[in-house]
Amino acid sequence: MNAESRQPTDFEMAVYDAVRLVPAGKVTTYGKIAERISRGTARSVGTALAKNPYAPEVPCHRVVRADGSLGGFYGETSGPEIERKEKMLVREQVPFIKQGKVDPVAFY
DNA sequence: GTTGTGACGGGTC
DNA sequence: CGACCCGCCACAA
């Protein structure tokens, strides 16, 4: 195994586990994940997902920011990956207020 | 133990 | 609306 890759910590495992519980057609926020696992905050959750070694096994694309913006995808805060993320959500019938913004009613 | 970084959140201007 | 600032927690060097 490469020295660059490391094993996920208990906190990160808890984050990935919580994200897996998010059903298709719904989204959740980084803060909600933090509250659900009762560990850390949106910051730490975002950092953990950024390293997400379980993608796409873990539907990290269903995790968005509290303001409805998509946040990031595959370590990219913007770019073609983000557009792909939005496409995936639309494909799962997730309601959008406008391009790049998810409807808060879809928050799980 | 200290410092810097990050896919955040809320508040202020 | 956007831009800016501060606080928050977890992690690596």
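These figures come from a predicted structure and were not determined experimentally. Numbers restart at 1 for each chain; the letters A, B, ... are given by sequence-line order, proteins then strands. In what follows, every heavy atom counts, from backbone to side chain, and hydrogens, waters and symmetry copies are set aside.
- Taking the six-membered ring where tryptophan is involved, the planes of Y54(A) and Y16(A) are tilted, since the angle between them lies from 30° to 60°.
- Residues that satisfy the salt bridge (charged side-chain N to carboxylate O under 4.0 Å, His left out) test with E92(A), not counting sequence neighbours, are R62(A).
- Counting heavy atoms from C-beta outward, Y108(A) and T29(A) have side chains that stay 4.5 Å or more apart.
- As rounded to whole Å, 7 Å separates atom C1' of dA7(B) from atom NZ of K85(A).
- Atom P of nucleotide dA7(B) and atom OH of Y16(A) are separated by 13 Å, given to the nearest angstrom.
- Residue pairs meeting the side chain to side chain donor-acceptor pair (under 3.5 Å) criterion with at least one partner in residues 68-87 of chain A, sequence neighbours excluded, are D67(A)-S69(A).
- Checking the phosphate oxygens (OP1, OP2) of dA7(B), no side-chain nitrogen or oxygen of R65(A) falls inside 4.0 Å.
- Shown are T41(A), L49(A), T28(A); of these, the side-chain contact (heavy atoms from CB on, under 4.5 Å) with I33(A) is made only by T28(A).
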What is the per-nucleotide protein-contact pattern of nucleotides 7-13 of chain C, from the 5' end, where B denotes a base atom under 4.0 Å from a protein heavy atom, S denotes such proximity for sugar-phosphate atoms only, and - denotes neither? BBBSSS-

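- Atom OH in Y30(A) sits roughly 12 Å away from atom C1' in dG9(B) (whole-Å rounding).
- In this structure, V94(A) and V102(A) have side chains that are in contact, with non-hydrogen atoms separated by less than 4.5 Å.
- Spacing between atom CD1 of I82(A) and atom C1' of dA7(B) amounts to 7 Å, rounded to whole angstrom units.
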